[in-house]
Structures are given as structure tokens and as C-alpha cells.
Amino acid sequence: MKKEKKGLSADTLVKIFIYVALITLAVMIVVPVAWVFLASIKQNSEFYGNPWTLPAGFYWQNFVDAWNSASMGSYMINSVLVTALALAILLVVALPAAYCLARFQFRGRKFLNTCFMAGLFINVNYIVVPIFLMLRDGDAFLKKLLGGGFLLNNLVVMAIVYASTALPFTIYLLSGYFATLPHDFEEAAYIDGAGYGATMVRIIFPMAQPSIITIILFNFLSFWNEYIISMTLMSSATGQKTLPVGLLNLMQAQQSSAQYGMMYAGLVLVMLPTLILYICVQKKLTQGMTVGGLKG
């Protein structure tokens with residue numbers, strides 16, 4: 001008797017479906033990004049034909065015009081300063097807080113954990129108006145007291161707002177990672193005479209490097225691409241706007257002048273730092289997410 005041909009197994013069909021879905025998703029992401037990069041080196045005359053044609057040459061003047069004429073250079077400097085300062089404040093506050101919540105038992109620990117967990121479900125865009133009103137009222141009080149206010153249109157204050165709104169997610173991820181680390185290293189450090197602070201900085205933080213890199217990358221992306229808070233708190237500071245706000249102004253300005261190459265060059269200036277950072281820390285990012293999610 002002839003053996004019947006067996007069809008594809010269920011596991012094979014699932015793998016095929018997964019591969020097709022991943023390839024489709026990759027194409028949907030890579031093609032638009034590649035198109036923007038190619039559009040950024042085209043001349044304006046090339047945009048009036050087939051949009052899928054390759055550029056005739058490398059027209060780097062788009063980046064020069066975007067950097068100088070559209071003030072994207074000053075906007076990028078502002079974004080770098082705000083992002084770096086917000087990350088520094090966030091790490092200084094979140095690392096010790098997550099370490100204490102994960103490694104020590106004390107009164108009020110569960111309440112603090114509950115508060116930080118509740119913060120995960122609050123979208124920062126919903127509380128921008130109350131934040132603005134608080135800072136506006138604070139400025140009004142300072143004007144009466146000191147003759148001038150500094151809470152609005154201030155890059156440092158905006159960095160503090162960024163860091164505070166990112167605390168719930170950061171502490172949740174870090175505390176989950178810290179909880180997976182064995183206590184043997186800490187006990188050995190205590191025996192050798194190290195205090196709590198030295199043990200935290202010299203023992204625990206180096207061991208938690210993948211998780212720390214993960215939260216740096218995620219928060220960098222969040223701060224770098226943030227628009228609503230920056231637009232609200234820096235509404236009157238023309239020279240202190242961040243890159244996303246400056247990019248939107250550039251896009252609105254190019255609707256009438258039709259300088260499409262300069263507009264897409266501005267888009268590339270926004271995307272390039274995030275892509276470079278992701279490529280550099282991709283392995284650490286994956287490791288930090290997989291291990292950090294084991295315990296909460």
C-alpha cells in the first residue's frame with residue numbers, strides 16, 4: 001500500500017505565519033524609513049515625478065539648509081541638553097528608589113509600590129494642562145515675591161518634568177530586575193565592611209547594567225521625541241524649543257515654500273540619533289527586558 005503524503009504540521013504552519021508576519025512588519029517599518037532617508041538627499045525638482053524613483057545624486061545642501069536656515073541646529077542642541085539633564089535626574093532618583101523598594105523591607109513599602117504601579121496607567125498627555133497651570137501659578141507667585149518667574153520657558157524645569165513623569169515606568173522596570181539578583185554579593189560586601197551606599201553603587205548597579213541601559217534607551221526615545229509637554233511649557237521661548245517642535249514648525253513653513261528636501265532632512269536629523277543609539281545597545285536592551293520582566 002502506498003503511504004499517504006502528510007501535510008504540513010501545525011508547528012510548521014505557525015512558524016510560517018510568524019515569519020510572514022515578521023517580514024511584513026519589517027517591510028512596513030524599513031521601507032518608510034529608507035524612503036525618508038532617500039528623500040532627504042533629493043532636489044525639489046525630483047519630488048514632482050514618481051515618488052519611488054531613486055535620487056539622481058546626493059544633494060547634501062538639504063542638511064545644511066535645515067541645520068542653518070531652519071535653525072534645526074539650535075533645536076537639536078536644546079533637545080540634547082534637555083534629554084541629557086532629564087536622564088541624569090531620572091537615574092539619580094530612580095536607581096536608589098528602585099534598589100530600596102526591591103531589596104529592603106520597611107513600613108510603607110507596599111504603599112509606595114502601589115503608587116508607582118498606578119502611575120504606569122496615567123498617560124502624561126492627560127496631565128499636561130494641570131502641570132502647566134501649576135507652573136503658571138508658581139511663576140505668578142514668584143513674580144510677586146521676587147519680581148520675576150522662571151518656571152515656564154525653562155529647559156531645566158522641563159527636564160525635571162520629563163524625569164518625574166518617567167519615574168513610574170523606570171522604577172517598575174529597575175525594581176523588577178533588582179529583585180532577580182542574588183543577595184550573596186551584598187552579604188559578602190557587608191562582611192567586608194561596605195555600607196549600603198557603597199554596596200549599591202559598586203556591586204548592584206554594575207550587575208544591573210543591562211536593565212539600566214534599557215531604561216536609558218526607552219526614556220531617551222521618550223524625551224527626544226516628546227512634543228506636547230515641550231510645546232506647552234516652552235510656548236513663549238522661540239530660541240529654546242526642542243527638535244520635535246522645531247520640526248513641526250519647519251513642516252508647516254515648507255507647505256507654502258515647497259522645500260521638501262530640507263523638510264525630510266529635518267526628519268532625518270530627528271531620527272538618526274535614536275537609530276544610532278538603538279544599534280549600539282541592541283543586545284543589552286534585549287537582555288535587560290527579558291531578565292527584568294521575570295519578577296515584579
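Using a 4.5 Å cut-off on side-chain heavy atoms (C-beta onward), Leu81 and Ile77 make contact. With contacts defined as side-chain heavy-atom distances shorter than 4.5 Å, the pair Val64/Gln61 qualifies. Annotation: side chain of Phe132 is in contact with side chain of Leu152 (closest heavy-atom distance under 4.5 Å). Residues Ser79 and Ser230 form no side-chain contact, since every pair of their non-hydrogen atoms from C-beta on lies 4.5 Å or further apart. Contact check for Phe37 versus Leu275: side-chain heavy atoms found under the 4.5 Å cut-off. By the 4.5 Å heavy-atom criterion applied to side chains, Met231 and Ile228 are not counted as neighbours.
Aromatic ring centres of Tyr196 and Phe104 lie closer together than 6.0 Å.
Scanning all heavy atoms of the two residues, the minimum distance from Lys241 to Met234 falls at NZ-O, 3.2 Å. Closest of all the heavy-atom pairs between Leu90 and Ala163 is CD1-O, 3.4 Å. Nearest approach of Gly266 to Ala66, heavy atoms of both residues: N-CB, 4.2 Å.
For the 3.5 Å distance criterion, the side chains of Thr274 and Asn225 fail to qualify, holding no donor opposite an acceptor.
Among Ile122, Val129, Asn123, the single residue meeting the side chain to side chain contact (heavy atoms under 4.5 Å, CB included) criterion with Tyr126 is Asn123.
Here the straight-line distance linking atom CZ of Phe169 with atom CZ of Phe218 works out to 5.5 Å at 0.5 Å rounding. Interatomic distance, Ile171 CD1 to Met117 CE, rounded to the nearest 0.5 Å: 12.5 Å. Rounding to the nearest 0.5 Å gives a distance of 10.0 Å between CG of Leu54 and CD of Glu46. Taken from CG in Leu217 to CG in Leu221, the straight-line distance is 4.5 Å, to the nearest 0.5 Å. Of the inter-residue distances, the one linking Cys115 atom SG with Leu120 atom CG reads 11.5 Å to the nearest 0.5 angstrom. To the nearest 0.5 Å, the span separating CG on Leu95 from OG on Ser211 amounts to 9.0 Å.
Between Phe47 and Tyr260, the ring planes lie tilted relative to each other; the angle falls in the 30° to 60° range. Phe178 and Tyr99 have perpendicular rings, their planes meeting at more than 60° on a 0 to 90° scale where under 30° would count as parallel. Using the six-membered ring where Trp is involved, Tyr162 and Phe223 have ring planes that are parallel, under 30° apart on the 30 and 60° scheme. Between Trp60 and Phe63, the ring planes are tilted. Angles from 30° to 60° get that label.
Val33 and Val30 are not part of a single hydrophobic cluster, where members link through side-chain heavy atoms under 4.5 Å apart.
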